[in-house]
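Lettering of chains follows the sequences in order, A, B, ..., and the numbering in each one begins at 1. None of the values given here were measured: they were computed from a predicted structure.
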Number of protein chains: 2
Amino acid sequence: MLNDRSLAVSQECANCPIKHRAVCARCDGNELERLEEIKYYRKFEAGQTVIWSGDRMDFVGSVVSGIASLTQTMEDGRTQMVGLLLPSDFVGRPGRGTAAYDVVATTDLVMCCFRKTPFEDLMSKTPHIAQRLLEMTLDELDAAREWMLVLGRKTAREKIASLLSIIARRNATSGGTGFKNTVVFDLPLTREAMADYLGLTLETVSRQISALKRDGVIELEGKRHVTIPDMYRLLEEAGDDADGGVFA
Amino acid sequence: MLNDRSLAVSQECANCPIKHRAVCARCDGNELERLEEIKYYRKFEAGQTVIWSGDRMDFVGSVVSGIASLTQTMEDGRTQMVGLLLPSDFVGRPGRGTAAYDVVATTDLVMCCFRKTPFEDLMSKTPHIAQRLLEMTLDELDAAREWMLVLGRKTAREKIASLLSIIARRNATSGGTGFKNTVVFDLPLTREAMADYLGLTLETVSRQISALKRDGVIELEGKRHVTIPDMYRLLEEAGDDADGGVFA
DNA sequence: ACCGCGTATTGATCTGGGTCAAAGTACTGC
DNA sequence: GCAGTACTTTGACCCAGATCAATACGCGGT
């Protein structure tokens, strides 16, 4: 378990602030120091809301560990997840004072935050930070567009397979024995969260997961522990051209 | 009609390069001059492909006039539009040499392009450009997330209403007589393009447009000329909380 | 005026995924 | 061990939107 001590030193924060270790390789020590000055950590438990859409937002930050989701809700209660925040992902928009989405901790969550105004000051003085942020935002935009294809054109089964492969790619805890296409991980999302991600109902998610299990595309131990015996098979099910390259 | 002469002077290019007039208000004359040096225009006819996904992309640029679309296609031919590029929108990702999406001119199109390498050089030396680009990218990301809600959770009727209100917001040619919620514009998309945008079939698009017409939400002259007698009514149909503010 | 072709509308029918309902599973706390 | 709660699975039925098919509209070319 994480405790405050383990976070006291920035070394512990491998996934931290816009990857500032990477940034700072190109910067002078002052910038690192100034980032450290305005940095603080926040922890949340699974299910807790980090911030509500419309609230004042006086920080930006990145996910250190755990998973958070960005969701949008219509007045009648329909909700759509519009961002899945994994470790190292950035939260908050420099230049905007109000949260545009609900941010909810999907698992226990640690975030590394920076007070917004000093961060923006620093950013305007440190081109590398703005450039790094631009790269990250462009990556997010690509992810969002990939997701749009999933939402707009894929079947329920393909949607589930797509989500599993995304999580597998970023969350795998084991590549199996030797050179093999096996991937093992724990699902960090409830069926309902998966449904919100994919624009489905939780019943459909459950049914399709059962179907993929029945067909041998995935194996389940309990509700959450997933084994993908053949990653290429999964990618095929997702409707992605399986790239050709080795994904590991 | 636009001709080469009308484009020769950068004044004509009101919607131009990452709004460089705005950037340059904060820059010295050198940067403007260097942007001008690497700038050139390209014209396309409706239906022409600007670039295919996977092609080498040696430029970045922005839309001056006309409309282009970013689309993704699966091997079996299903396609999803993932970006609708209106005048002033930016195309291309600094730092990536290959196009990730098909870019197609939906109407006759003029783009203002910059050769990629010099543009990147300039960008690394001119913080304001990177910052401006970051803002634009964040705006696009917001638009993409809005769109995800549309794709994932809205009904066909709501999807059409959402698309019409987006186009009305950015493309309106007339605000009607005096203070009124009337908006008039020409649809720049075929039914098929609208379907690709919304994750529907063109038949469903056609049916829903007919239904909105029958219910008095919109009026049509020919297939393309649209009148929205009451913009608030349309926003309501789109399932958006009608903001409260005057949209004009 | 007629043809051809791309675009749009409309109808008839089918189906994937939504909705409603009922169990099943796995925890936590007593 | 038992009750309570949150999550998941499974079944039965239904409907919004897809699919297949026919027709209509508009426009440039001869």
Side-chain angles (χ1 to χ4, degrees), chain A residues 45-48 74 76-80 104-108 150-164 186-215 218-226 237 239, chain B residues 45-48 74 76-80 104-107 150-164 186-215 218 220-226 237 239:
Chain A
E45 291 173 17
Q48 256 189 296
M74 296 172 66
D76 62 8
R78 281 176 281 177
T79 76
Q80 174 65 50
V104 180
T106 290
T107 63
D108 288 351
V150 172
L151 287 171
R153 293 298 182 195
K154 292 194 178 180
T155 65
R157 173 184 260 244
E158 289 169 334
K159 284 179 175 183
I160 298 289
S162 298
L163 175 55
L164 290 177
D186 281 305
L187 255 185
L189 301 175
T190 64
R191 300 290 183 260
E192 191 183 18
M194 296 175 72
D196 283 345
Y197 186 103
L198 297 169
L200 298 169
T201 60
L202 65 91
E203 293 94 328
T204 299
V205 170
S206 181
R207 272 186 252 273
Q208 296 300 333
I209 287 181
S210 299
L212 288 174
K213 189 169 68 176
R214 173 171 37 71
D215 299 345
I218 62 173
E219 289 156 22
L220 279 184
E221 238 170 304
K223 308 292 179 196
R224 297 299 190 86
H225 192 74
V226 182
E237 290 284 351
Chain B
E45 289 172 19
Q48 255 191 297
M74 297 172 65
D76 62 6
R78 282 177 280 177
T79 76
Q80 174 65 52
V104 180
T106 292
T107 64
V150 171
L151 287 171
R153 294 299 184 194
K154 291 194 178 178
T155 64
R157 174 184 260 245
E158 289 169 335
K159 284 178 174 182
I160 298 289
S162 298
L163 175 56
L164 290 176
D186 281 304
L187 255 185
L189 302 176
T190 64
R191 301 291 183 257
E192 189 182 21
M194 296 175 72
D196 283 344
Y197 185 103
L198 297 169
L200 298 169
T201 59
L202 65 88
E203 293 94 329
T204 299
V205 169
S206 181
R207 271 185 251 275
Q208 294 302 331
I209 287 181
S210 298
L212 288 173
K213 189 168 71 175
R214 174 171 35 71
D215 299 346
I218 63 174
L220 279 184
E221 239 170 306
K223 309 291 179 194
R224 299 299 192 85
H225 192 73
V226 181
E237 290 283 352

Subject >> Euclidean distance, atom CD of residue A:Glu203 to atom P of C:dG18 [Å, nearest integer] >> reply: 8 Å
Subject >> Close side-chain approach of A:Leu163 to A:Met194, heavy-atom, < 4.5 Å >> reply: yes
**OP:** Report yes if at least one side-chain N or O of B:Arg207 is closer than 4.0 Å to OP1 or OP2 of C:dA8; otherwise report no.
**Re:** no
**OP:** Please find the earliest and latest nucleotides of DNA chain D, in the 5' to 3' direction, that have an atom within less than 4.0 Å of any heavy atom of chain A.
**Re:** D:dT8 to D:dA12
**OP:** For A:Ser206, answer base if it contacts any base atom (sugar-phosphate contacts may also be present), sugar-phosphate if it contacts only those atoms, and nothing otherwise; contact means non-hydrogen atoms under 4.0 Å.
**Re:** base
Dump the pairs, protein N or O against N or O of nucleotides 14-17 of chain C, anything under 3.5 Å, distances to one decimal.
residue: C:dG17; atom: OP1; partner: A:Ala156; partner atom: N; Å: 2.8

**OP:** For A:Lys213 and A:Glu219, indicate whether the former's side chain and the latter's backbone hold a donor-acceptor pair under 3.5 Å.
**Re:** no
Subject >> Residues in salt bridge (charged side-chain N to carboxylate O under 4.0 Å, His left out) contact with A:Arg157, at least two apart in sequence or another chain >> reply: A:Asp215, A:Glu237
Original post:
In whole angstrom, what separates B:Ile209's CD1 from C:dA8's P?
Top reply: 9 Å
Original post:
OP1 or OP2 of C:dT10 less than 4.0 angstrom from a side-chain nitrogen or oxygen of B:Ser210, does that happen here?
Top reply: yes
**OP:** Please identify each residue that fulfils side-chain hydrogen bond (donor to acceptor under 3.5 Å, both in side chains) with B:Arg191, with sequence neighbours left out.
**Re:** none
Original post:
With B:Thr107, which residues qualify under side-chain contact (heavy atoms from CB on, under 4.5 Å), at least two apart?
Top reply: B:Ile67, B:Pro188
**OP:** Output all residues satisfying side-chain contact (heavy atoms from CB on, under 4.5 Å) with A:Glu45, sequence neighbours left out; order by chain, then residue number.
**Re:** A:Gln48, A:Asp108
**OP:** Can you sort out the partners of A:Gln208 under side-chain hydrogen bond (donor to acceptor under 3.5 Å, both in side chains), two or more places apart, ordered by chain and number?
**Re:** none
Original post:
Can you tell me how far C1' of C:dA8 sits from CG of B:Leu189, to the nearest Å?
Top reply: 15 Å
Subject >> B:Arg191 CZ - C:dT7 P separation (whole Å) >> reply: 12 Å
Original post:
When the C1' atoms of the five terminal pairs at each end define the local axes, what inter-axis angle does the helix from C:dA1-D:dT30 to C:dC30-D:dG1 show, to 10 degrees?
Top reply: 30°
**OP:** Tell me, please, which residues at least two apart from B:Thr204 pass side-chain hydrogen bond (donor to acceptor under 3.5 Å, both in side chains).
**Re:** B:Thr201
Subject >> Check: A:Thr106 and A:Leu189 side chains under 4.5 Å, non-hydrogen atoms >> reply: yes
**OP:** Take atom CG of B:Leu220 and atom P of C:dT9, then tell me their distance rounded to the nearest Å.
**Re:** 7 Å
**OP:** Only counting residues at least two apart or in another chain, list the ones meeting side-chain hydrogen bond (donor to acceptor under 3.5 Å, both in side chains) with A:Thr155.
**Re:** A:Glu158
Original post:
Which pairs pass salt bridge (Lys or Arg N to Asp or Glu O under 4.0 Å) with one or both residues in residues 192-202 of chain B, sequence neighbours excluded?
Top reply: A:Arg153-B:Asp196
